[in-house]
Amino acid sequence: VQLQASGGGLVQAGDSLRLSCAASGRTFSRDVMGWFRQAPGKEREFVVARSWSSGNTQYADSVKGRFTISRDSAKNTVYLQMNGLNSDDTAVYYCAADSKAPFGIVRRSPQDYGYWGKGTLVTVSS
């Protein structure tokens with residue numbers, strides 16, 4: 001079982017970037033899948049996650065209105081579209097899956113996510 005995140009890079013403030021998370025080894029269609037990020041010297045924090053079976057989507061306040069999570073079921077891939085990036089968005093971004101969430105529930109604690117991909121670095125220069 002593997003989650004592979006990609007798409008990070010160096011961008012200017014105000015730019016957009018789309019991250020991808022390709023899943024292999026199992027289907028995550030019934031799981032809650034989301035994105036976390038970790039800035040240097042800080043703890044890993046919740047960004048967004050979605051219960052694909054219920055449609056419940058939760059965003060961190062800091063990204064609400066700027067970031068959008070989506071997926072391509074045929075490709076077993078989840079995306080994070082990030083618009084209006086600023087320096088506070090600089091971090092390593094991780095995709096994760098919560099296979100044990102109760103129906104319709106989106107949890108925000110990293111401890112609840114049992115599957116993790118290696119991170120992809122996003123650097124926003126001001």
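All values derive from a computational prediction rather than experimental measurement.
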State, with a plain yes or no, whether a side-chain heavy atom of Phe36 is found less than 4.5 Å away from one of Trp116. yes
For Cys95 against Leu3, the heavy-atom pair lying closest together: SG-CB, 3.8 Å
Would a 4.5 Å heavy-atom cut-off, applied to side chains only, mark Leu17 and Val122 as touching? yes
Tyr113 and Val32: side-chain contact (heavy atoms from CB on, under 4.5 Å), yes or no, with the steps? CA-CA 9 Å; Tyr113 289 72; Val32 170; 3.6 Å; yes
Return the OG to CD distance between Ser20 and Gln4, rounded to the nearest 0.5 Å. 10.5 Å
Inter-residue atom distance Leu19.CG - Trp35.CH2, 0.5 Å rounding: 4.5 Å
Can you tell me how far apart CZ (Arg71) and SG (Cys21) are? Round to the nearest 0.5 Å. 12.5 Å
Closest heavy-atom pair, Ala91 versus Leu121, reported as atoms and distance to 0.1 Å, is O-CD1, 3.6 Å
Can you tell me how far CG of Asp15 sits from CG of Asn86, rounded to the nearest 0.5 angstrom? 11.5 Å
Side-chain contact test, heavy atoms from C-beta onward, threshold under 4.5 Å: evaluate it for Trp52 versus Arg30 and give yes or no. no
Under the side-chain hydrogen bond (donor to acceptor under 3.5 Å, both in side chains) test, which residues partner Gln111, sequence neighbours left out? Ser109
For Ala13 against Ser126, the heavy-atom pair lying closest together: CB-CA, 4.1 Å
Residue pair Val106 / Thr57, side-chain heavy-atom distance below 4.5 Å: no
Output, in order, the C-alpha distance, side-chain angles, deciding distance and verdict of side-chain contact (heavy atoms from CB on, under 4.5 Å) for Leu80 and Phe67. CA-CA 7 Å; Leu80 179 63; Phe67 290 13; 4.1 Å; yes
Please, which pairs that meet side chain to side chain donor-acceptor pair (under 3.5 Å) have at least one residue in residues 76-85, sequence neighbours excluded? Ser16-Asn83, Gln81-Asn83
side-chain contact (heavy atoms from CB on, under 4.5 Å) between Gln58 and Arg108: does it pass, once the steps are laid out? CA-CA 8 Å; Gln58 297 293 316; Arg108 297 179 176 232; 2.9 Å; yes
Hydrophobic clustering (ILVMFWY, side-chain heavy atoms < 4.5 Å, transitive) - are Phe46 and Phe28 grouped together? no
Apply salt bridge (charged side-chain N to carboxylate O under 4.0 Å, His left out) to Arg66 and list each qualifying residue two or more places apart in sequence or on a separate chain. Asp89
Those residues that, when tested against Lys42, pass salt bridge (charged side-chain N to carboxylate O under 4.0 Å, His left out) (two or more places apart): none
Under 3.5 Å: donor-acceptor pair, side chain of Thr90, backbone of Thr123: no
If you look only at pairs with a residue in residues 93-104, which of them pass as a side chain to side chain donor-acceptor pair (under 3.5 Å), with sequence neighbours excluded? Arg37-Tyr93, Asp98-Arg107
Under the side-chain contact (heavy atoms from CB on, under 4.5 Å) rule, what do Val78 and Ile69 come out as? Steps first, then yes or no, please. CA-CA 7 Å; Val78 174; Ile69 189 171; 3.8 Å; yes
Flag if over 12 foreign heavy atoms under 6.0 Å of CZ, Arg26: yes
Among residues at least two apart in sequence or on other chains, which ones pass side chain to side chain contact (heavy atoms under 4.5 Å, CB included) with Ser53? Ser51, Phe103
